[in-house]
Each structure stands twice: as structure tokens, then as C-alpha cells.
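All heavy atoms count here, side chains included; hydrogens, waters and symmetry mates do not. Below, chain A is the first sequence line, B the second, and so on; all start at residue 1.
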Amino acid sequence: MDDTLTEQVCLALSKVKRIPREDIAPENTLESLHLDSLDTITLMFELEESLGVTIPDDQVRGIATVHDIIEGMRRLKDGASTGASPNAPATAET
Amino acid sequence: MQRRVVVTGLGCISALGANTREFWSALCECRPGIGPLHAVEPGRLRFSNGAEVRGFVPAAHFEPSRLDLLDRFAQFALVAARDAVTDSGLDWTRELRDRTAVICGSSIGGQTSHDDQFLELYHRNRDRVHPLTIPRVMSNAGASHIAIEFGLTGPTFTISSACSSSNHAIGQALWMVREGRADVALTGGSEAPFSYGILKAWEAMRVVAPDTCRPFSRDRKGLILGEGGAMLVLEPLDAARARGARIYAELAGSGLSADAHHATQPHVAGPARAMRAALADAGLAPETIGYINAHGTGTLTNDPVEARAIQEVFGAHAAAIPVSSTKSLHGHALGAAGALEAVATVLALHHGLLPPTANFTASDPECGLDVVPNHARAVRPEAALSNAFAFGGLNAVLAFRALSN
């Protein structure tokens, strides 16, 4: 387990949601953290900036838990392609 | 004084062509104007397609000294207004000019000029910007230049409510003519969002499709941005008949609401209230509606929410209403979207032909509507709605009734 990556994702979530770092754990669902669509795209922006990765739109739509985000970032940092679920829309819509 | 208000002139420029005739032909023949974006170098965006106005040469429309003052969005407003005025056959008198309103919609105004000039400051370290930057950037430039060109001195302003801007503008124009505050209104909207900065901002929203716009399809992936302008000439029914004008349709009502819910998430209740308000304002029973031009952005969330709103308003009749999204053809032109779609709706009533939803692949059970897939349909509805629902939760719906000479 790459504790650094877990820490970076949790810190980004803490910044976006303005909640203490210790209130965030990998097993938390995004729903339980009250992450709405704008929070989600803001979190992706923060992670792209801090980790130096590009997160594809279809990967954003597949995430449900903090753990999903950490694993997705790990795959991106490893340069591996990522699968994505077509469900769970998590982007801002008009 | 309550007067019936009719549409007697149409003008538009869009990805579907340089004028209303080309626009309507492309709609009826289901030829989308979506293709690779030319406004930005390949590889600088995560999406690659848009609905651009192609082959537009500003110098063919405007003197060089005039162009100094006109951002692309204002150029589109003027080109569309000229077409609409010519189409209407209006004979301007001094008195009529004083009694003509110009009410336009635009979400972002002169962003291309904004981008170009601020690039000079931030990137090239220049110390000054062009002195005409402010008049080019101002969102009311379209309305102001229409007033200047035609010498129109009635109430003139621009409404900005993101993707509902044009519908808010056209609805306001309807009420002004209906109530006798103006005898003619030139109304619609224009937008030119293909600046690098605005495109990057949309990229960050993660709502733009990587392929194309497929409203109501199960495999839809998002919207496709568009640009252009469209204008309508409105006047009282009696005045139009008296001068022997061609009447395209009656603009019978307008309904407005706010979701008061969320900055970007669509909502069922707000759009439903706007549709009901438009029907009430028009004095139309729900069963008279035989076509809806949907907001239909093609995003994952908008389309099922809009379908539920339509079903809530129309109940069992919803299944019998053809509903198409012409954004699948002309793209999402933001503040100009409602104006382009008003032209499409008016022409659908006038010709008895419903424009299709293009790029349709497979039904989404979450969007249980008759979406007129991929082929125009010959139907003569009694009345139609045109929906616009904006970021910020601002909803504006127009109701049109079939009416001709």
C-alpha cells in the first residue's frame, strides 16, 4: 500500500470538502462524504494538479469510494490504462 | 392592453449554415454541423469536436472600421438580425423605430476579445490593451449594434442567464409587445464561446462529449459546444395582418422559474413549473402540445431529468408528444441556444415538419420519450414548447401556437 498516495488523495478531499483529514478513510463512499458533482470535478482538478496526472472523464464516472480514487490514481501514475464503469455519473451537468 | 403576438421574421447563422434556409434544410435532412474544432490547435484540449460556424468571413459583412468594435458574438447577432428584418419585410418609419425593442440573450459576451487582449497582458507582458476592448467585450454589444444599425430607439438590453439567456430574452420581448410597451421586437441571442480559455473551462467541467452529441441515447457522453446567433421579429397579430406580413407562428406564452436547488445539477420541479407557467401564460391546454424542442443537452444527467419533468407536466399525454433535441445538429450554443431552437420550433409549426434528434443510437429507459430519432417527421402540431434550463437553475420555456396567414 502506497501510504503517500492515500495521504495525497485524503488531503485533497479534506481541502475540497473543508473537513478534517482524520474524518476521511479509504473505505468511505463519496456519498457518505457528501461529494456532489461540483465537488467531484474540483477534486479531480486538485488531484491532477498535485499528482501531475490527467484523469479521463470516463474514469471519473466510475468512482464510488475513496479507495476507488486512490486505486485510479495509482494506475494513472503507473501509466496503466484504466477501466471505467458507465454508471454513477459524477460530473456537473446542464 | 393584451395583444396576441406573432413571429413575422426569422434570421440565423449557425454551424448548420449562413442563413435560416440552410439551417432548416440541415435540420430536416438531419445533417449535423458537428466536426473537428478549428478554433484551437489539435492536442490542446481533451475533446476535439464542436459545432463551429464555418466559412464565415467577417469582412464580407462589415466595414473594417465597424469590425474594430465587433466581437464574433456581436457579429453573429447583427448578421442574424439583418436576415430577420429583411425576412419580415418591415417598413421602418421614425415612429416605428421609436416603438421597437431589441432584447438579446448572451451568456458570456465578447469572450474571444477578452481572451485575445488579456493574453497580451499576462503572456506577452505588454503594458496596454486595445482601447476598444471594453465595447467589444460588453455583453450588450449585440443588442446595441442592432439598435445602431437600424436606428431603433425603443427599449434595448441584453439578458444573461447562461443557457436560458435567449429564452428569457424572447419571453421578455413577448410580454413587452403583448402589453403595448413596444410595437415590434427584435429578439433572440448570440454566442461565440470558442476561445481557448472558455474551452478549457468547459473541459474542466467534464461535460463535453469526446465524440458527438446524442441526446436521449443510452450511450450519450455529453454535450457538444456550438456557436451562432438567431433573431425573431415579433409584432402584434393585428399589425402583422394589417400590413400583409407573412406570419410564421404565434408566440403564445412564456414561463419562467428557478430551481433554488444547486449551481449545476438539473432538477425536475423547476423545469416542470416553467413548462406549466408557459402553458398557463399561453392559455394552452397540455393536450394541445404536439411537439417539444427539448433542452436536451446530451449530458448523462440532463436528459433523464428533463424527461421526468415532461412526464410530470403532461402525464399520460407525454408519451404522445414528439420531443427532439436539435442540439444534436447545431450544438449547444449556450446563450444563443434558445434562439436557434425557437427558430427551429417556429419553422416546425410553419412547415408541419418536426426536426429530428440526430446521432441517436439506442433508447435509454430513463428517457422514456418519443425523441424523433434521426429522421424529420411530418406532423402538424397545434402548439409546441421550446425548453431552456440553465446552470444556476434558471428555467425559461416558450410556447408557440401554429398560426399562418
Discussion item. Could you walk me through whether A:Leu38 and B:Gln265 satisfy the side-chain contact (heavy atoms from CB on, under 4.5 Å) test, starting with their C-alpha distance in whole Å, then the side-chain angles of each, then the deciding distance to 0.1 Å, before giving a yes or no?
Written reply: CA-CA 9 Å; A:Leu38 293 184; B:Gln265 279 174 2; over 6 Å; no

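Surrounding CZ of A:Phe45 are at most 12 heavy atoms belonging to other residues, nucleotides or ligands under 6.0 Å away. For B:Lys200, the NZ atom sits in a packed shell: over 12 heavy atoms of surrounding residues, nucleotides or ligands are nearer than 6.0 Å.
Only the backbone of B:Val208 comes within less than 4.5 Å of a heavy atom of chain A; no side-chain atom from C-beta onward does.
Atom NE2 of B:His262 is separated from atom OG of A:Ser37 by 4.5 Å, given to the nearest 0.5 angstrom. Atom CD1 in A:Ile41 sits 4.5 Å away from atom CE in B:Met205 (nearest 0.5 Å).
Remark: B:Glu312 engages B:Val268, B:Ala272, B:Arg276 in a side chain to side chain contact (heavy atoms under 4.5 Å, CB included) (not counting sequence neighbours). By the side chain to side chain donor-acceptor pair (under 3.5 Å) test, A:Ser32 pairs with A:Thr29, sequence neighbours left out.
Taking both residues in full, the closest heavy atoms of B:Arg206 and A:Val60 are given as NH1-CG2, 3.4 Å, listed atom of the first, atom of the second, then distance.
Two residues are said to be in side-chain contact when any heavy atoms from C-beta on lie closer than 4.5 Å; A:Asp58 and B:Lys221 fail this criterion.
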